[in-house]
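Positions are given from 1 along the sequence.
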Amino acid sequence: MSSALSDLSRYPVVQAPMAGGASRPQLAAAVSGAGGLGFLAAGYKTADGMYQEIKLMRGLTARPFGVNVFMPQNAAVDPVAVEVYAAQLAGEAKWYQTALGAPDSVGGDDGFEAKLAILLEDPVPVVSFTFGCPDPSVLDAFAAAGTLTIVTVTDVEEARAAQAAGASAVCVQGIEAGGHQSTHRDDPQNDGAGAGLGLLSLVAQVRESVGLPIIAAGGLMRGAQIAAVLAAGAESAQLGTAFLVCPESGAHPLHKKALTDPMFVRTELTRAFSGRPARGLVNRFIREHGPYAPAAYPQVHHLTSALRKAAAAAGDPQAMALWAGQGHRLARELPAAQLVEVLAAELAEAQGTLLTESGS
C-alpha cells in the first residue's frame with residue numbers, strides 16, 4: 001500500500017515523538033536520513049522552543065520529518081484530590097531536598113494555538129496530534145498548507161472521529177506502548193487490567209472501520225514485529241522505546257540503562273508521575289504512589305516535575321519516570337541510522353519468509 005505518508009520515507013519505520021527531551025533533532029534527523037520518518041516532540045516545550053528545534057532539524061537533514069503536538073487538556077480536575085496527593089508526596093520532596101511544583105503553574109493547553117500558528121506559517125511535512133483530535137478547520141488548514149496530519153487513537157471510535165474530522169492518517173496505539181496512552185478522553189473508570197486493546201487486535205479493528213492509512217504503535221522492537229503489523233493492515237510502524245537507547249536520544253543515561261537492567265522486571269500503566277495513564281518501568285515511586293495518584297493531567301505532571309529532576313540529579317532511578325513499552329528488554333544500543341537499517345533488514349527477511357512459506 002502506498003500513500004502520501006508512506007512516500008515520505010524509504011522504510012515503513014517511524015520514530016515515535018517522545019516528549020520530555022528524548023526526541024531531539026539529532027535523533028529525528030538520523031532516523032529520517034537513514035530512510036525512516038523522524039519526529040520532533042513539541043509537548044512540554046514553548047512555541048519558540050519547538051521552532052528552534054525545527055530550525056536545527058532542517059540544518060541536520062533535508063529529508064521529511066514530523067512534529068507532534070499535544071491537544072489542550074480542559075477536563076475538570078478535583079483540586080482537593082491534587083492537594084491530598086501533594087501532601088502524600090511531601091516526604092519525597094524532603095528526601096530529594098526540593099520543593100513540589102505548582103500544579104497550575106502552566107496552563108493545560110501546552111501552547112497549542114501558538115504552536116499551530118508557527119506550523120501553519122512555516123509548514124513541516126507532517127504534524128501529529130496526541131490526547132485528542134483537532135477540529136476539522138485545523139486539519140483543513142494544514143491540508144491547505146501541504147502538511148499531512150496524523151491523529152493518535154486508541155480505539156475504533158477515536159479512529160472514526162479522526163477520519164470524520166479530515167485527518168490524513170491515524171496512529172493506532174496499542175496498550176503495549178510506552179509513555180502516555182493517547183486516549184481522547186481520560187476516564188479513570190477505564191483504569192485497570194482490562195483497559196485497552198493489544199496492538200494487533202486494534203489494528204485489525206481499525207483497518208475494518210476506517211479507510212485512512214494506519215501507523216501501528218506499541219511494543220514494537222524488531223523487524224519481524226513490523227512485518228506482523230503490516231500484515232494486519234498497517235502501512236508503517238512507529239517505535240519509541242527501541243530508539244530511546246540510541247546515542248542520539250536525549251533520554252537520561254539512567255533511563256537508558258534501566259530499559260535492560262534486570263532490576264526492572266516489568267512495566268505498568270500509572271498515573272503516579274503525570275495524572276494520566278502512562279506505561280513505565282515499575283520502580284519504588286510507582287509502587288508507593290501509583291495507587292493513590294488522581295486523574296489530574298497536567299497538574300500532577302507539574303507537581304512531580306522537580307522531584308523527577310532531583311531524583312535524576314541524585315542518580316536515583318527509583319523516582320524517575322522511566323517510560324517504556326512492554327518490549328523494553330529487546331532494546332539495542334545502536335546508532336539510530338544503524339537501527340533503522342537493521343529493522344529494515346529484519347523486516348525484509350520476515351516478509352521473505354512469509355512469501356516462501358505461503359508459496360510452499
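The closest side-chain donor-acceptor pair between Gln205 and Ser201, if any, does not fall under 3.5 angstrom. His328 and Thr267 form no side-chain donor-acceptor contact under 3.5 Å, judged by distance and modelled atom types alone. Neither side chain, His252 nor Arg308, offers a donor N or O lying under 3.5 Å from an acceptor on the other. Between the side chains of Thr183 and Arg276, at least one donor-acceptor pair of N or O atoms lies under 3.5 Å.
Under the 3.5 Å distance criterion, the side-chain polar atoms of Thr304 are left unmatched by any main-chain donor or acceptor of Leu307. Side chain of Glu158 to backbone of His184: a donor-acceptor contact under 3.5 angstrom is found. Checking side-chain atoms of Asp110 against main-chain N and O of Val69 turns up no donor-acceptor pair under 3.5 Å. Of the possible donor and acceptor atoms, none in the side chain of Lys309 sits under 3.5 Å from a partner among the backbone N and O of Ser305. For Gln15 (side chain) and Gln238 (main-chain N/O), no donor-acceptor pair under 3.5 Å exists by modelled atom type. Judged by distance alone, with hydrogens and angles left aside, the side-chain atoms of Thr154 form no donor-acceptor pair with the main-chain N or O of Gly174 at under 3.5 Å. Judged by distance alone, the side chain of Ser6 and the main-chain N or O of Ser3 form a donor-acceptor pair under 3.5 Å. No side-chain donor-acceptor contact under 3.5 Å links Glu121 to the backbone of Ile118. Under the 3.5 Å distance criterion, the side-chain polar atoms of His180 are left unmatched by any main-chain donor or acceptor of Ser274. Looking at Asp140, its side chain never comes within 3.5 Å of a backbone N or O of Ala143 through a donor-acceptor pair.
Taking the side chain as every heavy atom from C-beta outward, Glu53 and Lys45 approach each other to under 4.5 Å. Counting only heavy atoms from C-beta outward, the side chains of Met50 and Leu40 never approach each other to under 4.5 Å. Taking the side chain as every heavy atom from C-beta outward, Arg287 and Gln318 approach each other to under 4.5 Å. Side-chain contact between Leu197 and Ile175: absent, with no pair of heavy atoms (C-beta onward) separated by less than 4.5 Å. Leu322 places a side-chain heavy atom less than 4.5 Å from the side chain of Phe264. Using a 4.5 Å heavy-atom threshold, the side chains of Ser182 and Gln173 count as touching. Inter-residue side-chain proximity for Pro134 and Met71 is flagged as met; some heavy-atom pair is nearer than 4.5 Å. Side chains of Leu116 and Val138 form a contact here, defined as non-hydrogen atoms less than 4.5 Å apart.
Here Leu5 is tied into one hydrophobic group with Leu8, Val14, Leu37, Phe39, Val126, Leu148, Ile150, Ile215, each link being a pair of ILVMFWY side chains closer than 4.5 Å. Side-chain contacts under 4.5 Å among hydrophobic residues (ILVMFWY), followed directly or transitively, place Val82 together with Val77. Leu330 belongs to a hydrophobic cluster whose other members, connected by ILVMFWY side-chain contacts under 4.5 Å either directly or through intermediates, are Met221.
Residue-environment remark: CZ (Arg185) stays at or below the threshold of 12 foreign heavy atoms within 6.0 Å.
Between the CG atom of Asp316 and the CZ atom of Arg284 there is a distance of 6.5 Å, given to the nearest 0.5 Å. The structure places CD of Glu248 at 11.0 Å from CG of Leu60, a figure rounded to the nearest 0.5 Å. Distance check: Thr149 OG1 to Leu139 CG gives 4.5 Å after rounding to the nearest 0.5 Å. Distance check, rounded to the nearest 0.5 Å: CD1 of Ile226 to CG of Leu239 gives 5.0 Å. Here the CZ-OG distance, from Arg160 to Ser209, works out to 4.5 Å after rounding to the nearest 0.5 Å. Between Leu230 atom CG and Gln351 atom CD the span is 6.0 Å, to the nearest 0.5 Å.
Counting only residues at least two apart or in different chains, salt bridge (Lys or Arg N to Asp or Glu O under 4.0 Å) contacts with residues 321-342 comprise Arg332-Glu346. For residues 76-89, the side chain to side chain donor-acceptor pair (under 3.5 Å) pairs, not counting sequence neighbours, are Gln88-His289.
Nearest heavy atom pair, residue Asn283 against residue Ala319, reads ND2-N, 3.9 Å. Across all their heavy atoms, Gly35 and Val340 have their closest contact at C-CG1, 4.5 Å. Heavy-atom minimum distance, Pro125 versus Pro64: CG-CA, 3.9 Å. In terms of heavy-atom proximity, Cys246 sits nearest to Leu339 at SG-CD2, 3.9 Å. When every heavy atom of Ala16 is checked against every heavy atom of Ser23, the shortest pair comes out as O-OG, 3.2 Å. The two residues Phe65 and Ser32 have their closest heavy-atom pair at CB-OG, 4.0 Å.
Ring to ring, Phe129 and Phe70 are not that close: their centroids are 6.0 angstrom or more apart. Checked against the 6.0 Å centroid threshold, Trp323 and His255 do not count as a close aromatic pair.
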Step by step, would you call Leu202 with Val206 a side chain to side chain contact (heavy atoms under 4.5 Å, CB included)?
-> CA-CA 6 Å; Leu202 186 55; Val206 172; 4.1 Å; yes
Verify side chain to side chain contact (heavy atoms under 4.5 Å, CB included) between Thr152 and Val170, making sure each step is shown before the conclusion.
-> CA-CA 6 Å; Thr152 310; Val170 288; over 6 Å; no
Lys257 vs Val245, side chain to side chain contact (heavy atoms under 4.5 Å, CB included): CA-CA, chis, key distance, verdict | CA-CA 8 Å; Lys257 180 181 178 182; Val245 295; over 6 Å; no
Side chain to side chain contact (heavy atoms under 4.5 Å, CB included) between Met320 and Phe273, worked out | CA-CA 8 Å; Met320 294 171 60; Phe273 292 107; 5.9 Å; no
From CA spacing to verdict: salt bridge (charged side-chain N to carboxylate O under 4.0 Å, His left out), Glu268, Arg266 = CA-CA 7 Å; Glu268 72 176 43; Arg266 64 185 179 91; 2.9 Å; yes
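The pair Asp186-Arg271 meets the salt-bridge criterion, with a side-chain N (NZ, NE, NH1 or NH2) lying under 4.0 Å from an Asp/Glu carboxylate O. A salt bridge does not link Lys115 to Glu113: none of the charged nitrogens lies less than 4.0 Å from a carboxylate oxygen. For Arg58 and Asp122, the salt-bridge test passes: some basic side-chain N is under 4.0 Å from an acidic carboxylate O.
In the hydrophobic clustering of ILVMFWY residues, with side-chain heavy atoms under 4.5 Å counting as a link, Phe112 and Leu120 come out together. Both Tyr96 and Leu303 sit in one connected hydrophobic cluster of ILVMFWY residues. Membership requires side-chain heavy atoms under 4.5 Å apart, directly or through other members. Hydrophobic clustering, with ILVMFWY side chains joined whenever heavy atoms are under 4.5 angstrom apart, keeps Val67 apart from Leu56. Leu269 is not connected to Val172 by any chain of hydrophobic side-chain contacts under 4.5 Å among Ile, Leu, Val, Met, Phe, Trp and Tyr, and they are in different clusters. The hydrophobic clustering, which links ILVMFWY residues whose side-chain heavy atoms are closer than 4.5 Å, places Trp95 and Tyr292 apart.
Using cut-offs of 30° and 60° for the angle between ring planes, the Phe131 and Tyr297 rings count as perpendicular.
Annotation: salt bridge (Lys or Arg N to Asp or Glu O under 4.0 Å) contacts of Arg10 (sequence neighbours excluded): none.
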